[in-house]
Amino acid sequence: MSGSGDRIPVLTVDGPSGVGKGAVSSRVARRLRWHVLDSGACYRVVALAALDAGLKIDQEDQLVALCERVDLSFEATEDGPLAWLGGEMVDSGLRAERVSRMASQVAALAPVRAALLDLQRSFCRPPGLVADGRDMGTVVFPDAPIKVFLDASIEERANRRYKQLKEKGENVKFAGLFRELKERDRRDRERAVSPTLPAADATIIDTSDLGIEAVVDRVLALVSDWLA
Ligand code: DC
């Protein structure tokens with residue numbers, strides 16, 4: 001590992017909703033046998049707990065208190081990181097639209113983001129970490145030696161998400177999904193704290209015309225270059 005010295009290597013994979021970060025990060029982590037962090041799941045877990053507790057978005061102290069109780073772990077699968085909360089697999093519950101909406105609102109709160117920093121950094125363990133999110137390369141792991149930002153048009157991302165949900169047998173309408181995605185994009189990109197932006201030293205990959213494996217290969221090539 002000539003590029004790495006003694007540091008635990010971190011590969012950050014940032015980008016907007018529906019760009020395929022999960023599947024790419026998880027597959028890359030499997031090939032490298034590194035850990036994977038799905039940082040979006042941290043916000044989703046807090047959002048789900050907040051909805052269950054009937055909390056409103058302005059109850060910041062209670063929302064921050066929820067962050068301190070998150071006990072998450074991830075399993076890298078070919079389809080994306082699977083989230084486990086305590087000993088329980090919670091993934092599908094975290095992906096519901098109402099949770100996505102609340103997660104995007106919760107993620108705009110600076111105290112919540114600060115409260116989740118240590119948890120996210122705790123996933124940096126040998127032999128390495130693939131960290132998937134919005135601000136992995138800019139805020140959570142600014143010193144990561146390998147940074148990628150995945151992008152694709154909103155039409156392409158909405159299409160992918162629509163197909164995914166249809167395959168799961170969910171009754172979704174494309175127009176509604178597109179609207180939700182656009183609104184979440186706006187909130188994630190325009191918020192004052194940690195907006196979704198590529199780090200200055202990130203490699204930007206437009207995935208609009210690429211299959212997952214082609215993206216995985218490009219990312220693995222960047223890791224190999226760094227290790228060489
Ligand atoms: O990646 P995702 O869709 O599971 O993320 C859920 C929400 O959390 C989404 O609105 C973006 C936000 N998020 C964030 O602000 N920062 C991250 N590092 C990861 C996700």
Side-chain angles (χ1 to χ4, degrees), residues 10-26 29 36-51 57 63-64 66-67 70 72 74 76-77 79-85 90-124 129-142 144 147-152 154 157-158 160-162 164-165 177-199 202 207:
V10 177
L11 160 67
T12 60
V13 182
D14 288 308
S17 292
V19 78
K21 298 184 301 292
V24 169
S25 301
S26 200
V36 68
L37 160 66
D38 173 2
S39 58
C42 302
Y43 294 97
R44 288 175 182 273
V45 163
V46 173
L48 181 59
L51 289 170
I57 200 67
L63 291 169
V64 167
L66 292 179
C67 300
V70 177
L72 259 180
F74 300 101
T77 75
D79 293 333
L82 266 188
W84 296 75
L85 190 59
V90 287
D91 215 73
S92 53
L94 295 184
R95 309 264 152 219
E97 267 313 304
R98 67 185 195 113
V99 179
S100 301
R101 208 173 309 125
M102 184 67 165
S104 161
Q105 291 174 295
V106 161
L109 303 175
V112 167
R113 302 198 73 86
L116 289 173
L117 264 183
D118 284 350
L119 171 73
Q120 295 175 81
R121 290 182 178 147
S122 72
F123 285 89
C124 180
L129 175 69
V130 183
D132 148 359
R134 305 294 192 291
D135 60 344
M136 298 295 100
T138 49
V139 176
V140 182
F141 300 107
K147 297 182 183 178
V148 169
F149 189 90
L150 303 183
D151 215 348
I154 184 161
R157 289 183 285 124
R160 289 179 191 169
R161 182 95 182 111
Y162 180 72
Q164 243 175 21
L165 293 174
L177 208 144
F178 186 87
R179 222 178 15 251
E180 283 276 347
L181 192 61
K182 200 165 172 187
E183 177 55 22
R184 233 180 304 149
D185 259 16
R186 192 192 56 74
R187 212 169 11 224
D188 293 342
R189 284 192 205 261
E190 292 178 8
R191 67 180 174 220
V193 276
S194 304
T196 306
L197 284 175
T207 72

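In each ligand, atom 1 is the first atom listed, and ligand 1 is the first ligand listed.
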Heavy-atom nearest neighbour in the protein, as seen from [atom], with distance rounded to 0.1 Å:
atom	answer
atom 7 (C) of ligand 1	A103 CB, 3.9 Å
atom 8 (O) of ligand 1	Y43 CB, 3.7 Å
atom 12 (C) of ligand 1	A107 CB, 3.7 Å
atom 1 (O) of ligand 1	R134 NH1, 2.8 Å
atom 3 (O) of ligand 1	R44 NH2, 2.9 Å
atom 5 (O) of ligand 1	G40 CA, 3.5 Å
atom 16 (N) of ligand 1	R113 NH2, 2.9 Å

Min side-chain heavy-atom separation [X]-[Y] under 4.5 Å:
X	Y	answer
P16	F149	yes
E183	R101	no
V140	S39	no
T196	R187	no
S104	D188	yes
Y43	R113	yes

**OP:** Examine the side chains of S100 and R95 and answer whether a donor and an acceptor come within less than 3.5 Å of each other.
**Re:**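 Looking only at side-chain atoms, R95 and S100 do not form any donor-acceptor pair under 3.5 Å.
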
Would you mind running through ligand 1 and noting each atom that sits below 4.0 Å from a heavy atom of [X]?
X	value
S104	10 (O)
M136	18 (N)
D188	9 (C), 10 (O), 11 (C)
S39	17 (C), 18 (N), 19 (C)

Subject >> From R160, R157, K21, residue fulfilling side-chain hydrogen bond (donor to acceptor under 3.5 Å, both in side chains) relative to T207 >> reply: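 Per the side-chain hydrogen bond (donor to acceptor under 3.5 Å, both in side chains) rule, the option paired with T207 is R160, out of R160, R157, K21.
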
Original post:
If you measure from each non-hydrogen atom of Q105 to ligand 1, which part falls under 4.0 Å: side chain, backbone, both or neither?
Top reply: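 Neither part.
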
**OP:** Pick, from D135, L181, V140, the option with the minimum heavy-atom distance to atom 18 (N) of ligand 1.
**Re:**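 It is D135 that holds the nearest heavy atom.
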
Original post:
For K21, is at least one N or O under 3.5 Å away from an N or O on ligand 1?
Top reply: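 In fact, backbone or side chain, K21 has no N or O that close.
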
**OP:** Using a cut-off of 6.0 Å, state whether more than 12 heavy atoms not belonging to R179 lie near its atom CZ.
**Re:**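 No, because the 6.0 Å sphere around CZ of R179 holds 12 heavy atoms or fewer from other groups.
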
